[in-house]
Amino acid sequence: MPLWVGPRSSDPIIGDRPEVSARASDERTPGATLSCGGGKSGMPWHLTISVRRDVDQPLSRQIQSAIKEKIRSGALLPGVPLPSSRLLARDIGVSRSVVVEAYEQMSAEGYLESVQGSGTRVAARPVATVDRGSILDRPPAPAVRWDLRVGATDVTNFPMQEWLSCYQRATQSLGHDGLSYPPISGIAALRTELASYLGRVRGVRVEPAHTMVTLGFAHGLGLICRTLPTMGIDRLGVENPGSGKQFQFIRDTGMCAVPLPVDADGVDIDALARSGVRAVLVTAAHQFPTGGTMSLERRQALLKWASDVNGIIIEDDYDTEFWFDQRERPPAIQGSDPGRVVYGGSLSKVLAPGLRIGWLALPDWLFRAVERARANSDQGSDSITQLAVSEFLRAGLLDRHLRRLRPRYRSRLETVAQAVRRHLPGASIRGSSAGRHVYIELPYHVDEAAVVEGALRRSVLLRGGAHFRLAETPGVAARPALVIGYSAVRPSDINEAIARVGEAYAQHARRQPTRTGASLTRSIGQPLRIPRSAAVP
């Protein structure tokens, strides 16, 4: 028998229908006013339950059984609002007193709760289920007072008022097309603004037609990794040390990730050539995590390698928005050879990771293949957010936001450097004066793992250099190191947090080294210098 939904206001009272059911609907209840205030008793909530008139069980008992079963099974979660007794009675075609009786009985038994002005809801009862959590939350981070891990973003800096203004203008200019599925590679307005911004700020040479809007850099990297095997490239070189998350992500796409050693000048080109790969992922301007900047000679050698092997370079322009060095910020490698370099970035560290906006500047010969790969996996990015970001860029608000942030982060970097000199004698910060973290090399005789563990006992969470090593280099002794992120810690807490790290460090730095490691390996980068007289870009 076809499913029949409860009577309209013009329907006769039901007496001979064997089954009536309430179900979710996209249609609004006639006369109801839609409001954003959840929990109000006047809201037209829907609930899918059924009652039968051809059985001996009373209708009120059937309603109770149906709702209780949904609560026990987890379909109705604690706090979920239910329709008012009047609406539910009308939806399933019974007397309102039947629903009132059912609600009152379930409230007495603790299944439901009614609050004046908030209607009836599922009670906040403890549910005997296992909370498996998200795979992204494993392993859970221990509760600490100071979290100095790399990658956190200080979202308190988010320019809320400016963003809301852009978002409002975006929604006002939508039109009918703006609410349809967006173009798979992004709306034209944002692609144009991105191509203009990247060219002006990073020297990227790309047409809007070859610019793709992504859901962050990782999303773009995944698209590249699904595209390259169709062109006979199934191995991707990655920097070592580097991002363990990216390393695993690449492998999960089916590509073979090949670790390549990094020194003060960038990725080792000789090792790259010996590896036999034809694609490589680099963080040239501010290497992650060592902070080094690829030298001009190394950049030229990298481009020559790509030409010799008919290969491709994927440039992750990590943290270059925050450049404090007195030297001129190096431009993107992509500007030197747009036909060999894929350039990627995102707004995750600049604005907020929750926006999920990134980009790829692609060679013209590669763009359509990446677009096809994307068409097989998703339907594009949120149009309204894209329009808002486009307005944010067009109005110069991103430039203004970065000008506000740079002095703040530079001040934090100076505080970190002073604290390291004070509390970690014998240690040295390496890399360029840039970004939102520092790479601290320790004396060779210091037990890196013991320092990290000792810091944790003092309520400081940070990572050692070993956390970022993707593979050991034969014949080379890795120098112990600490990697400290400072962007999401309050400036007033930086010195105290590093002082606690210093307490753990002091236990392992008193004795003189029994051997020197200088003959085994050299420093990852040059000592960090923060010229106070340098102009903030």
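Scope of the values below: all heavy atoms of this structure, side chains included, with no hydrogens, waters or symmetry mates. Since the model is a prediction, treat every value here as computed from it, not as a measurement.
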Chemist: Please check if the side chain of T253 supplies one atom and the backbone of G222 the other of a donor-acceptor pair under 3.5 Å.
Modeler: no
Chemist: Could you please spell out the steps behind the salt bridge (charged side-chain N to carboxylate O under 4.0 Å, His left out) verdict for E496 and R145?
Modeler: CA-CA 11 Å; E496 187 175 358; R145 182 176 177 185; 3.4 Å; yes
Chemist: May I ask you to decide if V144's main-chain N or O and S459's side chain share a donor-acceptor pair within less than 3.5 Å?
Modeler: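 No.
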Chemist: Please tell me if the side chains of D378 and I184 come closer than 4.5 Å, counting only heavy atoms from C-beta onward.
Modeler: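 Counting from C-beta outward, D378 and I184 do come under 4.5 Å.
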Chemist: Are the side chains of V420 and V416 in touch, meaning some heavy atoms are under 4.5 Å apart?
Modeler: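 Yes, at least one pair of side-chain atoms sits under 4.5 Å.
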Chemist: Indicate the ring-plane relationship of H286 and Y318, choosing parallel, tilted or perpendicular according to the 30° and 60° boundaries.
Modeler: parallel
Chemist: So, R298 side chain and G266 main chain: donor-acceptor pair closer than 3.5 Å or not?
Modeler: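 Yes, the answer is positive, given that a donor and an acceptor are paired below the 3.5 Å cut-off.
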Chemist: Are R169 and E391 ion-paired here, with the side-chain N under 4.0 Å from a carboxylate O?
Modeler: yes
Chemist: So do the side chains of L236 and I314 get within less than 4.5 Å of each other, counting heavy atoms only?
Modeler: yes
Chemist: Between R436 and D319 (salt bridge meaning N to carboxylate O under 4.0 Å), is one present in this structure?
Modeler: yes
Chemist: Is the shortest heavy-atom distance from the side chain of L362 to the side chain of V206 under 4.5 Å?
Modeler: no
Chemist: How far apart are the C-alpha atoms of S348 and R356, what are their side-chain angles, what is the distance that settles it, and do they pass the side chain to side chain contact (heavy atoms under 4.5 Å, CB included) test?
Modeler: CA-CA 7 Å; S348 295; R356 308 313 305 142; 3.4 Å; yes
Chemist: Any side-chain donor-acceptor pair under 3.5 Å between Q248 and D252?
Modeler: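 Present: a donor and an acceptor within the cut-off.
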Chemist: For a side chain to side chain contact (heavy atoms under 4.5 Å, CB included) with I313, tell me which candidate from V342, L303, D337 qualifies.
Modeler: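 Testing I313 for a side chain to side chain contact (heavy atoms under 4.5 Å, CB included) against V342, L303, D337 leaves exactly one candidate, L303.
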Chemist: Should the pair R400-E162 be classified as a salt bridge under the 4.0 Å nitrogen-to-oxygen rule?
Modeler: yes
Chemist: F392 versus P159: any side-chain heavy-atom pair under 4.5 Å?
Modeler: yes
Chemist: With the side chain counted from C-beta on, respond yes when V389 and Y167 share a heavy-atom pair under 4.5 Å apart, and no when they do not.
Modeler: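 No - every pair of side-chain heavy atoms lies 4.5 Å or more apart.
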Chemist: Please determine, by modelled atom types, if E371 and S185 share a side-chain donor-acceptor pair under 3.5 angstrom.
Modeler: yes
Chemist: Going by distance alone, is a donor N or O of one side chain under 3.5 Å from an acceptor N or O of the other, for N495 and R422?
Modeler: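 Checked: N495/R422 side chains pair up, N/O donor to acceptor below 3.5 Å.
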Chemist: Give a yes or no on whether the backbone of S487 and the side-chain of R412 come within a donor-acceptor separation of less than 3.5 Å.
Modeler: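 Here the side-chain-to-backbone pair exists.
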Chemist: Give a yes or no on whether the backbone of L442 and the side-chain of R479 come within a donor-acceptor separation of less than 3.5 Å.
Modeler: yes
Chemist: Output yes when D325 and R329 qualify as a salt bridge under the 4.0 Å nitrogen-oxygen rule, no when they do not.
Modeler: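 Answer for the salt bridge query: no.
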Chemist: Of the options V258, V282, I250, L260, which is the one that meets V238 in a side chain to side chain contact (heavy atoms under 4.5 Å, CB included)?
Modeler: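 Exactly one pass, corresponding to I250.
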Chemist: Using 30° and 60° as the class boundaries, would you call the ring planes of H437 and F288 parallel, tilted or perpendicular?
Modeler: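 If you compare the ring of H437 with that of F288, the planes turn out perpendicular.
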Chemist: Is T385 reaching over with its side chain to a backbone N or O of S381, donor-acceptor style, under 3.5 angstrom?
Modeler: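 Between the backbone of S381 and the side chain of T385 there is no qualifying donor-acceptor contact (under 3.5 Å).
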Chemist: Does the Y439 side chain pair with the main chain of G465, one donor and one acceptor, at a distance under 3.5 Å?
Modeler: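 No, Y439 side chain to G465 backbone: no donor-acceptor pair under 3.5 Å.
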Chemist: Hey, does Y343 have a side-chain heavy atom less than 4.5 Å from the side chain of T211?
Modeler: no
Chemist: Output yes when K349 and E321 qualify as a salt bridge under the 4.0 Å nitrogen-oxygen rule, no when they do not.
Modeler: no
Chemist: Is S165 reaching over with its side chain to a backbone N or O of Q161, donor-acceptor style, under 3.5 angstrom?
Modeler: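 Looks like no, no N/O pair under 3.5 Å.
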Chemist: Roughly how far apart are R500 CZ and D493 CG, rounded to 0.5 Å?
Modeler: 10.5 Å
Chemist: Considering only NZ, NE, NH1 and NH2 on the basic side and carboxylate oxygens on the acidic side, decide whether R200 and D399 come within less than 4.0 Å.
Modeler: yes
Chemist: Is D308 paired with K304 through a side-chain N to carboxylate O contact shorter than 4.0 Å?
Modeler: yes
Chemist: Any non-hydrogen side-chain atom of P183 less than 4.5 Å from a side-chain atom of I187?
Modeler: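 Yes, at least one pair of side-chain atoms sits under 4.5 Å.
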Chemist: For I484, does its backbone N or O pair with a side-chain atom of R463 as donor and acceptor, under 3.5 Å?
Modeler: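 Between the backbone of I484 and the side chain of R463 there is no qualifying donor-acceptor contact (under 3.5 Å).
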Chemist: Do E239 and T283 have side-chain atoms, one donor and one acceptor, less than 3.5 Å apart?
Modeler: yes
Chemist: Do T290 and Q287 have side-chain atoms, one donor and one acceptor, less than 3.5 Å apart?
Modeler: yes
Chemist: Between N240 and R469, is there a side-chain donor-acceptor contact under 3.5 Å, judged purely by atom types and distance?
Modeler: no
Chemist: Closer than 3.5 angstrom, by distance alone: can the side chain of R430 be matched with the main-chain N or O of I440 as a donor-acceptor pair?
Modeler: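 Between the backbone of I440 and the side chain of R430 there is no qualifying donor-acceptor contact (under 3.5 Å).
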Chemist: What's the spacing between L223 CG and S377 OG if we round to 0.5 Å?
Modeler: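 Answer rounded to 0.5 Å: 5.5 Å.
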Chemist: So how far is it from Q418 CD to H423 NE2, rounded to the nearest 0.5 Å?
Modeler: 10.0 Å
